[in-house]
**Q** 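Please find one structure pasted underneath; my questions will follow.
For the single chain, residues carry numbers from 1 onward in sequence order.
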Amino acid sequence: MVHDSRDRELGMHRRITRRDFLNGVAMTAGAGMMPWHLLADEPDPEKSPGYYPPALTGMRGNHPGSFDVAHSLRDGTFWDSAGKPVDTGETYDLIIVGGGISGLAAAHFYRKVAGANARILILDNHDDFGGHAKRNEFRAGEKTLIGYGGTYSIESPEPYSATAKGVIEELGINVASFSKYLERDLYGSRGRAAKIFFDKETFGADKLVDDPFPFPGGETYDLAQAGPDAWAHFMAEAPIAEQARKDISRLCREKKDYLQGLNTEQKKDRLARISYARLLTELAGVHPDVIRLYQRVSETLFGVGIEAVAAMDAAETGYPGFGGMGLEASSLSNERNYFFHFPDGNATIARLLVRKLIPEAMPGNSAMDVVTAKANYAKLDQEQSPMRIRLNSTAVRVKHVGDAASAKEVEVSYARGGKVYTARAKASILACWHVVIPYICEELPDGQKEALASAQKVPLVYSNILVRNSTSFQKLGANSIYAPGGYHTHVDMDLPVSVGDYRCPRTPDEPAVVHMSKAPCRAGRPAREQNRLGRAELFSTTFETMERKIREQLARTLGPGGFDPARDIMAITVNRWPHGYSYEYSSLWDKFVLEGGPTPCETARKTFGRIAIANCDAGAYAYTDEAINQAYRAVGELTKSREQ
Ligand SMILES: Cc1cc2nc3c(=O)[nH]c(=O)nc-3n(C[C@H](O)[C@H](O)[C@H](O)COP(=O)(O)OP(=O)(O)OC[C@H]3O[C@@H](n4cnc5c(N)ncnc54)[C@H](O)[C@@H]3O)c2cc1C
């Protein structure tokens, strides 16, 4: 009963934007918006009128229906009930597995070598292309609001390579012009700044306090600026021990060297071997409340809390405590020098690549007009087109026809709509997640399979909530909130970016999209184990549970500003990514980082006969430039070996 009445207050039983939820997937009354995996008898759902995945709400990201085939392959049960594959009779020059930025870029590079008439098929298991670079759309009255379901922006701790920059430029994106589209002062001029939400369970009281030092690395870090009186407010109000507040002030404001007596190389070595949490407790001697406050600040960037992040990585990201150590400038400056955020994040890059590959699928002709362009999914996979993108299709077997050393063709089997089909190509690029490859490409050497299997991804959740207005944020003077005890650790208004015909919400009275992010992890365990447990948690958490947690968190955080979740939430999209960021090697957890020697990704990405391997897993680096770099390498290796 108590649960029911709280649910009513939270609005759990309300219909959201005319939609009900079935299995966590938004359904509308008309068949137009039916989730495609439920249209089991529909042979070509992408050609149904109204097929438009960006507008689906509910559980997205690895949405229901996208991973069952891959999981049954993993469990060894898929072929028991698969039935005899149907030969499509289709032949291609290249079949690419994975329609993320790496797969799309691979097609782009291949066409440069082989010409625009090269026959290419891209397969992806999701109902939309783009991989992590996904677009979320919401309808609020007559207005369409755009959000990012994954890959947030053009940015990278390392400078973009000439190849990756070349693609960005070819797509017409002028990164240097970003400031023209961003209304940098919009929130600040309205007195909105970064806040911390202290929750009762962790800190004894629900309280929103100014954040005097927003940690770098959060998505909207650019605008997550401290308010003018943030230090005074924090020192007076933060519900943590007085000593902890003083320690935070010292850590952030004093330039103290906690490793006196060591030279720079020795310092770097020491910092590579201890966690940031250890640096804070053992070297900086902070009060335990500082750790309670900052434990989760790193989660959405690193996928783990500060007890599992190397202090050196924290230093390079610009975390406080290193100002007096004489280390080089943080690598984050690179990131912010080359930065562009579209309202749908790097889904714009995916959409521009699709436009290059299949112009009729993405109307328009500039990187600005693509922001409001409506993709025509029916054009992605047309018989007469040499370039085809086939969604809702999971590759289940990729093998040479004959011996890999002498074969002239590769056969690719894929599951789609409950059936298995085959197609052939002169070569294949696996631009999919590396952990999947050992299950679909059995002929690879065992050592390579082992290396591929070690690329376990980092789980993440990006939830987008359409709210009636953002007056509560305005009343509370907030635009970006760190929640150290929250289900989601970050609650942000997006950067106010207006591009092409898209106008972002500018006033608090307008509907807006609130972005919440989370990385499920288990503090205290090795990083990879935390990722594994977090992934299992995400796959087993229902949309209903996530929805309740979202409503509860927003009610408690924004309630004092007048927010009523039952009244103000118009739609929820949870972008669940159990297989999120590529795993990046850490000096804390991966011996070879300090000791040297080949990295697993170098072994994993080796071309085998006519099968090459891309994806940003191939560089163990979770950034778009790496997805492009690896596509370029894979195409280069394939085309070079064929010339010989
Ligand atoms: C939440 C989130 C936020 C991110 N933010 C940023 C950011 O701001 N900036 C940045 O540079 N990077 C970011 N990244 C990293 C991001 O992964 C890369 O930038 C890039 O989008 C990855 O592209 P990819 O093609 O290598 O991989 P993916 O995007 O993962 O694409 C691979 C595709 O292959 C598909 N696939 C897997 N197995 C099969 C199969 N058997 N058959 C068919 N298809 C298959 C997958 O489902 C997926 O669609 C973010 C990642 C996540 C998860």
**Q** Who pairs with His434 by side chain to side chain donor-acceptor pair (under 3.5 Å), at least two apart in sequence or on another chain?
**A** none
**Q** Test your reading of the model: is there a side-chain donor-acceptor pair from Arg111 to the backbone of Ile120, 3.5 Å cut-off?
**A** no
**Q** Does Tyr51 form a side chain to side chain contact (heavy atoms under 4.5 Å, CB included) with Leu391? I'd like the steps, not just the answer.
**A** CA-CA 12 Å; Tyr51 183 97; Leu391 300 172; 4.2 Å; yes
**Q** Nearest 0.5 angstrom please: Leu638 CG to Tyr110 OH, how far?
**A** 7.5 Å
**Q** Show, in sequence, the C-alpha distance, side-chain angles and deciding distance for Ser66 and Asn62, and conclude whether the side-chain hydrogen bond (donor to acceptor under 3.5 Å, both in side chains) test is met.
**A** CA-CA 6 Å; Ser66 65; Asn62 290 157; 4.8 Å; no
**Q** Are the charged groups of Arg351 and Asp128 less than 4.0 angstrom apart, N to O?
**A** no
**Q** Would you sort out whether Glu90 and Ile95 count as a side chain to side chain contact (heavy atoms under 4.5 Å, CB included), showing the intermediate values?
**A** CA-CA 11 Å; Glu90 293 171 9; Ile95 297 180; over 6 Å; no
**Q** Is a donor on one side and an acceptor on the other found under 3.5 Å between the side chain of Ser540 and the backbone of Glu537?
**A** yes
**Q** In terms of the angle between their ring planes, are Tyr148 and His341 parallel, tilted or perpendicular, with boundaries placed at 30° and 60°?
**A** perpendicular
**Q** Using every non-hydrogen atom in the two residues, find where Glu158 and Tyr621 come nearest and quote the distance to one decimal.
**A** CG-OH, 3.1 Å
**Q** Could you tell me whether the side chain of Ser161 and the main chain of Ala164 form a donor-acceptor pair under 3.5 Å?
**A** yes
**Q** Where the side chain of Ser366 meets the backbone of Asp369, is there a donor-acceptor pair that is under 3.5 Å apart?
**A** yes
**Q** Answer yes or no: is there a donor N or O on one side and an acceptor on the other, between the side chain of Tyr623 and the main chain of Ile154, under 3.5 Å?
**A** no
**Q** Give, for atom CZ of Arg633 and atom CD1 of Ile429, the distance between the pair rounded to the nearest 0.5 Å.
**A** 9.0 Å
**Q** Would you please name every residue forming a side chain to side chain donor-acceptor pair (under 3.5 Å) with Lys47, sequence neighbours left out?
**A** none
**Q** Do Arg60 side-chain atoms and Asn136 backbone N/O form a donor-acceptor pair below 3.5 Å?
**A** no
**Q** Can you tell me how far apart CD (Glu626) and OH (Tyr160) are? Round to the nearest 0.5 Å.
**A** 10.5 Å
**Q** Looking at Glu443, I'd like to know if its CD atom is crowded, meaning that more than 12 non-hydrogen atoms belonging to other residues, nucleotides or ligands lie closer than 6.0 Å.
**A** yes
**Q** As a quick check of understanding, evaluate side chain to side chain contact (heavy atoms under 4.5 Å, CB included) for Val461 and Val574, giving each step before the final call.
**A** CA-CA 7 Å; Val461 180; Val574 172; 3.8 Å; yes
**Q** Is it true that a side-chain atom of Thr163 and a backbone atom of Asn629 form a donor plus acceptor pair closer than 3.5 Å?
**A** no
**Q** Is Arg424 salt-bridged to Glu411, cutoff N-O under 4.0 Å?
**A** yes
**Q** Distance from Ile122 atom CD1 to Ser393 atom OG, nearest 0.5 Å?
**A** 12.0 Å
**Q** Quick check against the 3.5 Å criterion: does Asn125 have a side-chain atom that pairs as donor or acceptor with the backbone of Thr394?
**A** no
**Q** Just wondering, are more than 12 heavy atoms of other shown residues or ligands nearer than 6.0 Å to NZ in Lys374?
**A** no
**Q** Could you check whether Phe539 and His71 have their ring centres less than 6.0 Å apart?
**A** yes
**Q** So, Lys134 and Asp127, do they make that salt bridge, N to O below 4.0 Å?
**A** no
**Q** Could you tell me whether Tyr377 and Phe129 have their ring centroids closer than 6.0 angstrom?
**A** yes
**Q** Just wondering, more than 12 heavy atoms not from Gln384 lying within 6.0 Å of its CD?
**A** yes
**Q** Would the Phe342 and Phe340 ring centres measure less than 6.0 Å apart?
**A** yes
**Q** Under 4.0 Å between a side-chain nitrogen and a carboxylate oxygen: does that hold for Asp44 and Arg390?
**A** no
**Q** Nearest 0.5 Å please: distance from the CG atom of Asn575 over to the NE2 atom of His515.
**A** 8.0 Å
**Q** With side chain to side chain contact (heavy atoms under 4.5 Å, CB included) as the criterion, how do Trp79 and Arg397 come out once you've worked through the C-alpha distance, each side chain's angles and the decisive distance to 0.1 Å?
**A** CA-CA 10 Å; Trp79 292 105; Arg397 180 178 284 152; 3.6 Å; yes
**Q** Please find the pair of heavy atoms, one from Glu170 and one from Lys112, that lie closest to each other, and give the distance.
**A** OE2-NZ, 2.9 Å
**Q** Can you confirm if the NZ or CZ of Arg119 lies within 45° of the ring axis of Tyr92 and under 6.0 Å from the centre of its six-membered ring?
**A** yes
**Q** Taking all heavy atoms of Thr603 and all of Gly447, pick out the closest pair and write down the distance.
**A** CG2-O, 4.1 Å
**Q** Give me the atom names and distance for the closest heavy-atom approach of Ile611 to Val410.
**A** CG1-CG2, 4.2 Å
**Q** Atom OG1 in Thr624, atom CD1 in Ile101: separation rounded to 0.5 Å?
**A** 4.0 Å
**Q** With a 4.0 Å cut-off on N to O distance, would you call Asp617 and Lys457 a salt bridge?
**A** yes
**Q** Just checking Tyr632: does its OH atom have more than 12 heavy atoms from other residues, nucleotides or ligands closer to it than 6.0 angstrom?
**A** no
**Q** In plain terms, say whether Arg135 and Glu137 are close enough for a salt bridge, that is, a side-chain N and a carboxylate O under 4.0 Å apart.
**A** yes
**Q** Please check: side-chain N/O of Asn174 versus main-chain N/O of Glu169, any donor-acceptor pairing under 3.5 Å?
**A** no
**Q** Measure from the side-chain N and O atoms of Trp577 to the backbone N and O of Gly149, and report whether any donor-acceptor pair falls under 3.5 Å.
**A** yes
**Q** So does Glu450 have more than 12 non-hydrogen atoms from other groups sitting under 6.0 Å from CD?
**A** no
**Q** Within the supplied structure, the quantity of interest is the number of heavy atoms (other residues, nucleotides, ligands) at a distance under 6.0 Å from Asp80 CG; does it exceed 12?
**A** yes
